[in-house]
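Accompanying notes for the structure given below.
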Amino acid sequence: MPLFDTHNTWAFVFGLMGNVISFAVFLSPVPTFYRVWKKKTTEGFQSLPYVVALFSATLWLYYATQKKDVFLLVTINSFGCFIETIYISIFLAFAPKKARMLTVKLLLLMNFGGFCLILLLCQLLAKGTTRAKIIGGICVGFSVCVFAAPLSIIRTVIKTRSVEYMPFSLSLTLTISAVVWLLYGLALKDIYVAFPNVLGFALGALQMILYVVYKYCKTPPQLGEREVEAAKLPEVSLDMLKLGTVPSPEPIAVVRQPNKCSCGNDRRAPDTEDGQKGKQSSSATSS
């Protein structure tokens, strides 16, 4: 099997474009992890998005091994596995003990246990095209779940009427990525590659429409801090499709007004009044 199928020109062009775009977006969290490495702290970020991204790239890589003429699908997901492993390693090196243990459990449960179970069942119970269909179905189901992540951002933009935490450039990049991989799947006549990116394109287009609609709107002053924190769009890491990295929100400081207690004054007031009455009665007696 040749590494590049140049007979399908459009598949080669779209696959190459998809590799370039996804390669750039895979590297988007690099500034974050450089800051983590420099400060020696994870600053409250969660590891779940990176663990999920690694699992997704691994699934798509396994799917690519069951197909022909999809070398460009192999390249981007191989790089995805490599870069996500580096991110997780840096996280484990500087995360607090509790977060580190949680990350190890997620890796063992999802990336080791879950993937090994899928691998064994598919290898033992399915063969040929049937195996590729099963793996493709698993990849599509997992990708659809991952695509649900931007819905929280869309909901917050509508609620706050502000696009402050949804950069247009990021939404545009994700939409272009989805379109390119959609065209790649259509060129290959591979529904498992094309279908998830239909959803990705729809959500990306919706984000850009919301950006145009709410671009000049300002966040209402009565909006609570917790809603604003929830609206922050995290830095994004993509596999062949689209994945979000969600840092844990910063703790919100609650400022309370000091209680003005008049207990002491209340106690002293009767004493003072009694003392004044006592003086008046004594002076009246003496007179």
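Numbers here simply count residues along the sequence, with the first being 1. Computed from a prediction, not measured in an experiment: that's the story for all the values here.
A distance of 4.0 Å separates CZ in Phe94 from NZ in Lys40, rounded to the nearest 0.5 Å. In this structure, Leu203 CG and Leu174 CG are separated by 10.5 Å, a value rounded to the nearest 0.5 Å. The CG atom of Leu61 lies 4.5 Å from the OG atom of Ser78; values are rounded to the nearest 0.5 Å. Atom NZ in Lys133 sits 13.5 Å away from atom CD in Gln66 (nearest 0.5 Å). Taken from CD1 in Ile88 to CG in Asn111, the straight-line distance is 6.0 Å, to the nearest 0.5 Å. To the nearest 0.5 Å, atoms CG (Leu121) and CG (Leu124) are separated by 7.5 Å.
Placement of Val30 and Ile21 within a single hydrophobic cluster is found when ILVMFWY residues are connected by side-chain heavy-atom separations under 4.5 Å, directly or transitively. Following chains of ILVMFWY side-chain contacts shorter than 4.5 Å, one can reach Phe79 starting from Val70, so the two form part of one hydrophobic cluster. By the rule that hydrophobic residues join a cluster once side-chain heavy atoms approach within less than 4.5 Å of another member, Ile83 and Trp37 end up as members of one cluster. Hydrophobic clustering (ILVMFWY, side-chain heavy atoms < 4.5 Å, transitive): Leu59 and Met110 are in one cluster. Under the 4.5 Å side-chain contact rule for hydrophobic residues, Val52 and Met101 do not share a cluster.
For Ala93 against Arg100, the heavy-atom pair with the smallest separation is O-NH2, 4.2 Å. Scanning all heavy atoms of the two residues, the minimum distance from Trp181 to Gly15 falls at CH2-O, 4.1 Å. In terms of heavy-atom proximity, Thr58 sits nearest to Leu54 at OG1-O, 2.6 Å. Nearest heavy-atom pair across Asn197 and Ala178 is CB-O, 3.4 Å. Shown here for Ala11 and Leu72, the closest heavy-atom pair between the two residues is O-CD1, 4.4 Å. When all heavy atoms of Val140 and Pro196 are compared, the pair lying nearest together is CG2-CG, 3.9 Å.
Side-chain contact between Thr175 and Gln207 is absent, with no heavy atoms from C-beta onward closer than 4.5 Å. Pro96 has its side chain within reach of Thr42: a pair of non-hydrogen atoms, C-beta onward, lies under 4.5 Å apart. Looking at heavy atoms from C-beta onward, Tyr184 lies out of side-chain contact with Met17 at the 4.5 angstrom threshold. Side-chain contact between Thr65 and Val74 is absent, with no heavy atoms from C-beta onward closer than 4.5 Å.
For the side-chain hydrogen bond (donor to acceptor under 3.5 Å, both in side chains) test, residues two or more places apart in sequence or in another chain that qualify with Lys39 are Glu43. Every residue two or more places apart in sequence or in another chain that forms a side-chain hydrogen bond (donor to acceptor under 3.5 Å, both in side chains) with Asp190 is listed here: Tyr63. Scanning for ring-ring contact (aromatic ring centres under 6.0 Å, His included) contacts around Phe112 gives an empty result, with sequence neighbours left out. For the side-chain hydrogen bond (donor to acceptor under 3.5 Å, both in side chains) test, residues two or more places apart in sequence or in another chain that qualify with Thr103 are Ser47. With sequence neighbours excluded, the residues that form a ring-ring contact (aromatic ring centres under 6.0 Å, His included) with Phe14 are Trp10.
Taking the six-membered ring wherever Trp is involved, the centroid distance between the rings of Phe55 and Phe142 falls below 6.0 Å. Outside the 6.0 Å centre-distance limit, the rings of Phe91 and Phe45 are not counted as a close aromatic pair.
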**Message:** Applying side-chain contact (heavy atoms from CB on, under 4.5 Å) to Trp60 and Val193, what does each step give before you reach the verdict?
**Reply:** CA-CA 9 Å; Trp60 281 107; Val193 175; 4.1 Å; yes
**Item:** Test log, rule side-chain contact (heavy atoms from CB on, under 4.5 Å), inputs Asp69 and Asn8
**Value:** CA-CA 9 Å; Asp69 305 326; Asn8 192 336; over 6 Å; no
**Message:** Is there a side-chain contact (heavy atoms from CB on, under 4.5 Å) between Cys122 and Tyr62? Walk through the geometry before answering.
**Reply:** CA-CA 11 Å; Cys122 290; Tyr62 180 40; 3.6 Å; yes
**Item:** Verdict with supporting geometry, Leu172 and Met208, side-chain contact (heavy atoms from CB on, under 4.5 Å)
**Value:** CA-CA 7 Å; Leu172 179 61; Met208 291 192 295; 3.6 Å; yes
**Request:** Evaluate the ring pair (Phe, Tyr, Trp, His ring centres under 6.0 Å) criterion for residues Phe82 and Tyr87: first the C-alpha distance (whole Å), next the side-chain angles of each, then the deciding distance (0.1 Å), finally the verdict.
**Result:** CA-CA 9 Å; Phe82 171 74; Tyr87 293 154; 9.6 Å; no
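Atom CD1 of Ile191 sits in a sparse spot, with 12 or fewer heavy atoms from other residues, nucleotides or ligands closer than 6.0 Å. Taking a 6.0 Å sphere around OH of Tyr211, one finds it holds more than 12 heavy atoms contributed by other residues, nucleotides or ligands.
Val20 belongs to no multi-residue hydrophobic cluster, having no ILVMFWY side-chain contact under 4.5 Å with any other such residue.
In this structure, Ser22 contributes its side chain and Asn19 its backbone to no donor-acceptor pair below 3.5 Å. Counting only distance, with no hydrogens or angles, the side chain of Ser177 and the backbone of Thr173 share no donor-acceptor pair below 3.5 Å. Under a 3.5 Å cut-off, the side chain of Ser56 and the backbone N or O of Ala53 do not form any donor-acceptor pair. In this structure, the side chain of Asn77 does not engage the main chain of Gly80 through any donor-acceptor pair within 3.5 Å. Judged by distance alone, with hydrogens and angles left aside, the side-chain atoms of Thr130 form no donor-acceptor pair with the main-chain N or O of Ala126 at under 3.5 Å.
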